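So the structure is just underneath, and the comments pick up after that.
Each ligand, and each atom within it, is numbered from 1 in the order the structure gives. What you see is a predicted model, and the numbers here were worked out from it, not measured in a lab.
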Amino acid sequence: AAKSLGGNRHCHFLPTMEERIVARRRMVNDLHAALSSDQFFLNYQPIVNLKDGTVSKVEALLRWKHPEQGLISPAHFIPLAEDIGVIGPISNWVAREAISRFAPRCRAEPQQFEVAINVSPVQFRRGTRAIGTLLETIEEFGIPYSSIVVELTEGMLLNLDDTMKKKFAMLQEKGVKLALDDFGTGYSSLSYITKLRFDYLKIDRLFVHELGTDPTRLALCETMVWMAHKLGMKVVAEGIENEVQSRILTDLGADFGQGFLFARPMSFDDASQHIDATNKKAECRASPIALAG
Ligand code: C2E
Ligand code: MG
Ligand code: MG
Ligand code: MG
């Protein structure tokens with residue numbers, strides 16, 4: 001087979017079809033082993049309240065430390081995990097890990113602190129116990145349901161049927177919040193926004209990028225903020241990397257910001273420290289008397 005493909009091989013840097021198949025097969029095997037051999041861990045990225053600079057949310061982001069290849073991006077292995085049917089157990093692990101870590105803070109700051117987790121459409125298909133498991137985990141750690149935000153992408157809403165709608169309604173009845181992630185990319189159609197009642201709209205970083213120099217992006221961000229608020233949603237702007245972007249989004253009325261300007265995704269310990277330090281600073285700014293007294 002290698003021989004017949006060989007004729008087309010005019011670039012040394014592009015892997016052949018066969019090499020790609022072998023690499024994929026290897027990754028599939030490794031992915032099966034990853035969960036049982038503790039190769040996954042979570043990073044947490046703080047989300048900042050643009051009005052007062054406090055941090056009352058984090059997003060949990062999955063990381064895979066491959067024994068030979070090092071860190072592999074979730075953008076690479078999540079689609080594969082969905083294909084080969086291991087996304088369910090991985091997602092359950094993510095929710096459990098994030099909730100167990102932040103449970104003390106969620107209990108200490110009810111109606112205040114939130115942990116966002118990303119979910120995949122595959123895990124919510126008919127017959128899976130994804131939602132039941134999530135609710136049980138929340139109950140087990142004794143945190144308010146409202147401490148948890150479930151982030152869905154538009155792709156997830158493509159095949160949303162009544163069964164799935166009911167499942168999400170059940171989550172929301174308990175108090176769990178929903179965020180529409182990466183808004184404006186993918187299968188963008190405004191009708192998706194009406195399929196579920198979202199608490200948050202996350203503006204994709206595509207629109208935040210070059211916000212300061214591109215009037216079209218500015219107009220789109222302004223429109224998205226306006227629309228989200230009209231529909232009763234709070235806005236999170238993703239991928240804020242500089243002060244100009246932060247200033248503009250704050251002026252446009254975006255509620256929350258997430259991005260390298262404020263904080264990168266980091267370990268639980270670093271995130272906890274970052275949250276405490278940031279909130280202390282913000283408190284001092286808000287009431288200078290507290291500093292003196
Ligand atoms: P996402 O949910 O949109 O997460 C935000 C992504 O933007 C993260 O990439 C984060 O590191 C990155 N980011 C944050 N601030 C900035 C910034 O200022 N500049 C730039 N350039 N990037 C920024 P990450 O961690 O590589 O995750 C990629 C995607 O993988 C996530 O996008 C999410 O869709 C998926 N993902 C991550 N963890 C999970 C998980 O536990 N389950 C599922 N199903 N998907 C996950
Ligand atoms: Mg997300
Ligand atoms: Mg996103
Ligand atoms: Mg994304």
Proximal atoms of ligand 1 relative to [X] (non-hydrogen, under 4.0 Å):
X: Gly239; result: 16 (C), 17 (C), 18 (O)
X: Glu238; result: 3 (O), 5 (C)
X: Gly259; result: 15 (N), 18 (O)
X: Ser120; result: 44 (N)
X: Gln45; result: 14 (C), 15 (N)
X: Pro265; result: 11 (O)
X: Glu241; result: 17 (C), 18 (O), 19 (N), 20 (C), 21 (N)
X: Arg63; result: 11 (O), 24 (P), 25 (O)

**Prompt:** In Asp181, the N, O or S atom nearest to the Mg ion (ligand 3) is which?
**Reply:**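 Distance check against the Mg ion (ligand 3) picks out OD1 in Asp181.
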**Message:** Rounded to the nearest 10°, what angle sits at the Mg ion (ligand 2) between OD1 of Asn118 and OE2 of Glu59?
**Reply:**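 With the Mg ion (ligand 2) as the vertex, the angle is close to 90°.
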**Message:** If hydrophobic clusters are built from ILVMFWY residues whose side chains come within less than 4.5 Å, do Ile193 and Leu196 share one?
**Reply:**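 Yes, Ile193 connects to Leu196 through the hydrophobic network.
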**Message:** Could you see if Val55 belongs to whatever hydrophobic cluster contains Met266? Use Ile, Leu, Val, Met, Phe, Trp, Tyr and a side-chain cutoff under 4.5 Å.
**Reply:** no
**Asked** Can a non-hydrogen atom of Arg264 be found less than 4.0 Å from any atom of ligand 1?
**Response** no
**Item:** Close approach, Gln123 and ligand 1, non-hydrogen under 4.0 angstrom
**Value:** no
**Prompt:** Counting heavy atoms not belonging to Glu222, are there more than 12 under 6.0 Å from its CD?
**Reply:** no
One residue to check: [X]. Relative to ligand 1, which of side chain, backbone, both or neither has a non-hydrogen atom less than 4.0 Å away?
X: Val94; value: side chain
X: Asp181; value: side chain
X: Asp182; value: side chain

**Asked** So, Asp204 and the Mg ion (ligand 3): N/O/S under 2.8 Å, yes or no?
**Response**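 No, outside the cut-off.
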**Asked** Does the shortest distance from the Mg ion (ligand 3) to an N/O/S atom of Glu151 fall below 2.8 Å?
**Response** no
**Asked** Side chains of Glu114 and Tyr200: do they bring a donor and an acceptor to under 3.5 Å?
**Response**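 On atom types as modelled, these side chains qualify, holding a pair under 3.5 Å.
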**Side-chain donor-acceptor contact under 3.5 Å, Asp269 with Ser267** = no
**Item:** Geometric N/O contact Ser73 with ligand 1, under 3.5 angstrom
**Value:**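 No; every N/O pair is 3.5 Å or more apart.
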**Message:** Below the 3.5 angstrom mark, is there an N/O of Leu62, backbone or side chain, next to an N/O of ligand 1?
**Reply:** yes
Let me have the donor-acceptor pairs involving side chains of residues 38-45, under 3.5 Å, with sequence neighbours excluded, atom names and distances please.
from, atom 1, to, atom 2, distance (Å)
Gln39, OE1, Trp64, NE1, 3.0
Gln39, NE2, Ser37, OG, 3.1
Gln45, OE1, Gln258, NE2, 2.8
Gln45, NE2, Ala263, O, 3.0

**Message:** Checking His229 against Asp255 for the side-chain hydrogen bond (donor to acceptor under 3.5 Å, both in side chains) test, could you report, in this order, the C-alpha distance in whole Å, the side-chain angles of both residues, the deciding distance, and whether it holds?
**Reply:** CA-CA 10 Å; His229 286 166; Asp255 305 276; 2.7 Å; yes
Do NZ/NE/NH1/NH2 and the carboxylate oxygens of [X] and [Y] come within less than 4.0 Å?
X: Asp182; Y: Lys202; result: no
X: Glu241; Y: Arg205; result: no
X: Glu154; Y: Lys195; result: no

**Request:** Measure centre to centre between the rings of Phe183 and Tyr192, then say whether the value is under 6.0 Å.
**Result:**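 No - the distance between ring centres of Phe183 and Tyr192 does not fall below the 6.0 Å cut-off.
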Of the listed options ([options]), which comes nearest to [atom] when hydrogens are ignored and any heavy atom counts?
atom: atom 40 (C) of ligand 1; options: Ile47, Ile78, Leu61; answer: Ile78
atom: atom 6 (C) of ligand 1; options: Arg205, Lys202, Gln258; answer: Arg205
atom: atom 23 (C) of ligand 1; options: Trp93, Phe260, Phe77, Phe40; answer: Phe260

**Request:** For Glu97 and Val94, indicate whether the former's side chain and the latter's backbone hold a donor-acceptor pair under 3.5 Å.
**Result:**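 Judged by distance alone, no pair lies under 3.5 Å.
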**Asked** When you measure from the side chain of Glu151 to the backbone N and O of Leu180, does any donor-acceptor pair fall under 3.5 Å?
**Response**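 The answer is no, because no donor-acceptor pair under 3.5 Å joins these two groups.
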**Prompt:** What is the OD1(Asp182)-the Mg ion (ligand 3)-OE2(Glu238) angle, to the nearest 10 degrees?
**Reply:**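 Value, to the nearest 10 degrees: 140°.
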**Arg63: partners by salt bridge (Lys or Arg N to Asp or Glu O under 4.0 Å), with sequence neighbours left out** = none
